[in-house]
Amino acid sequence: MKRTSAKHNAEVRHQKHSSSNKVLRAFTFVLTPFLILVIVLSSLVLALSKPYAQLKPYTNLVFDVSAKEAESKSVRTLNKYRDDDAPLQIKEIQDDETNETHTMVYPYYGDYYASITCENAGMNNIKVYSGTTEDVLTWGAGWYNGSVYIGHVGNVVIAGHNHTSFYRLPNCKIGDIVTLDTSYCKLTYIVSDIEVFHETDLTYIRPSDRDILTMYTCWNNGRLGMSEYRLAVICDCVEREWKEVKE
Amino acid sequence: MKRLYHYPLMLLLTVLEVLSLIGFECSYFAQNVLFKPDIYTAAISDEKIGQVIYDDLCEYFTQFSMPTGIPAEVFTDALDVNYLEQCAKNTISDSLAYLTNPNATKPKIQYDFTSLDNSITTYIETYSDENGIERDDEYQKLLDNTIKTSHEQIITKLDVLLLCQFADSSLAPKLHQYSGYINFAVLCTGAASIFFLLVMIIADIKHPRDLPYWVGTILMCSAVTILIPTIYLKKINYFDSFIIRNMHIYQTVTGLFRRLLDNVINFQFITLLIGCCFIILTIIIHLFYVRSVRKKAAARYDYDENEESYN
């Protein structure tokens, strides 16, 4: 009886190692890590989805993955240089006083925008670019893009470095004629006021109802060093001549 | 292939072990890598940030020469690439020390401006003497303002990870709090990992042949869980979209994250390989075990048969 059961046990053991059992075990053996991985990943996704949603706006501020796409789609963004394939920004505007229609070309950031001449001060065709960041001001004077576009009525603000583009600005005197020439209009101004102001004083670069041009530069009175003061030359517009724009 | 014993229990324990191991790895990583200056200083050296800062400053001082009338060389000749890099590294070490320990002294950018100040002062003095400019209050004010502005520029550029600014901001108390939590998290997750592993050993103590399989599974799953997001971030160059485009900051931050990702990916790959080795080891053990069991069973069967025939 005892011997028969030993034989029977061996047979049962053999059956346990039959092919179907082996396949099932092999499957269990291989699939268990994947099953655990799925459970772990699902638990983590569930646990972290809420904190991720809360954190996402902040990470988007720091890592702007969509920035490239947005940049190429944007026609005009502040402080961004023109894309190679960007179209000219031409617009028809109507003069409120004369009801005449004129064409204006709006600049992209860093574009060559205009030239300034004040013969009495020795300033001849000083190049004006759009924008007033340090890199733009290394090329020439810069039109402050927080002021009105050249041609519009208001305060057109142009800045330049005192040792380069606006080196001769202190030579301007009241009554001097200043011309501002763009691809779509030519404006003639007369110097009406010259002021020295502190760098924190924004009076002269603020928008104004007056049709004026404000040119300013650092004021260090012919000396070396970084000044806290600025010299502003304020001019009144006396003539506005519109040009035909060629595309 | 031998069967896996106590399968449901071991499965549950493995899941818990993987989760606690991932928690431990993350918190340990934060405590010993993110909150230590080594990886940051290594990134600064790798990315040659000293040179980047120097180039940025050269560009700035070239522009600065336009409103001041002082040639850029007066400023740039007084700068040293290695010294700039060392100061940037010191700033990070000091800032991290403060951000992780509120009792540490508040970080301050340490830079010796003596040579720069001398260079500026000498040039302006010489120019003034040559041009007969009086050294009055206005002269002194211009000189002081020039020196102050150039100091500010250098100081700004040396804080490459903006950690010094963080130390001054309202984020600092939060980070103090989080660094405390992270120490606690390391302890908790570490203890949990050991606990679950012990429970697994005890639960399967009669079948030690299966243990390498479960250990291998734990290592593989934890490695893959971390590898999936890190490889994805590396593939899409996520950190290259860092919004601050100032060269010295951008290069430090992106270089740092690249290095961090590479380290994490390498480490997790090694863990994954070790996990695979454990599983292969289990297969080998099982094969040998099954063979030996079969041999034993066959021997016993033969013995029984022989004994029966004798009788």
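Chain naming here is simple, since letters A, B, ... match the order of the sequence lines and numbering starts at 1 in each.
Residue B:Y123 qualifies as enclosed at atom OH: its count of foreign heavy atoms under 6.0 Å is above 12. Remark: A:E119 CD is loosely packed, at most 12 non-hydrogen atoms of other residues, nucleotides or ligands lying under 6.0 Å away. More than 12 heavy-atom neighbours from other residues, nucleotides or ligands sit within 6.0 angstrom of OH on A:Y112.
When heavy atoms are compared at a cutoff of 4.5 Å, B:F239 approaches chain A by way of both its backbone and its side chain. Proximity to chain A (any heavy atom under 4.5 Å) is shown, for B:T225, by both the backbone and the side chain. With a 4.5 angstrom heavy-atom cutoff, B:I228 touches chain A only via side-chain atoms. In this structure, the portion of A:L41 lying under 4.5 Å from any heavy atom of chain B is its side chain and not its backbone. Heavy atoms of B:Y7 lying under 4.5 Å from chain A belong exclusively to its side chain. For a residue to count as touching a neighbouring chain, one of its non-hydrogen atoms must lie under 4.5 Å from one of that chain's; by this rule B:E138 touches chain A with backbone and side chain alike. For A:L44, the part sitting under 4.5 Å from any heavy atom of chain B is the side chain, from C-beta outward, and nothing else. Only the backbone of A:L137 comes within less than 4.5 Å of a heavy atom of chain B; no side-chain atom from C-beta onward does. At a 4.5 Å heavy-atom cutoff, the contact between B:F242 and chain A is made by backbone and side-chain atoms alike. With a 4.5 angstrom heavy-atom cutoff, B:I279 touches chain A via backbone and side-chain atoms both.
When side chains are defined from C-beta on, A:I36 counts as touching B:V18, because their heavy atoms get closer than 4.5 Å. With a 4.5 Å cut-off on side-chain heavy atoms, A:V62 and B:V253 do not count as touching. In this structure, the side chains of A:H163 and B:T68 stay at 4.5 Å or more apart for every pair of heavy atoms. Taking the side chain as every heavy atom from C-beta outward, A:S227 and B:L142 approach each other to under 4.5 Å.
Contacts of residues 128-135 of chain B with chain A at a heavy-atom distance below 4.5 Å involve B:I133, B:E134, listed in sequence order.
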Would you check, one step at a time, whether the test side-chain contact (heavy atoms from CB on, under 4.5 Å) holds for A:T138 with B:T62? CA-CA 9 Å; A:T138 55; B:T62 306; over 6 Å; no
Between B:V15 and A:V40, is a side-chain contact (heavy atoms from CB on, under 4.5 Å) present by the stated rule, with each step listed? CA-CA 6 Å; B:V15 170; A:V40 168; 4.3 Å; yes
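Between B:Y213 and A:F29, the two ring planes are tilted [angle within 30° to 60°].
For the ring pair (Phe, Tyr, Trp, His ring centres under 6.0 Å) test, residues two or more places apart in sequence or in another chain that qualify with A:Y229 are A:H198.
Atom-to-atom distance recorded for B:Q63:CD and A:H161:NE2 is 6.5 Å, nearest 0.5 angstrom. Between the CZ atom of A:R223 and the OG1 atom of B:T146 there is a distance of 12.0 Å, given to the nearest 0.5 Å. The line from CE of A:M226 to CD1 of B:I147 is 14.0 Å long, rounded to the nearest 0.5 Å.
Without hydrogens or angle criteria, B:Y127 side chain to A:L224 main chain gives no donor-acceptor distance under 3.5 Å.
Interface remark: of the candidates B:G69, B:P67, B:C221, B:S65, B:P67 forms the most heavy-atom pairs closer than 4.5 Å to chain A.
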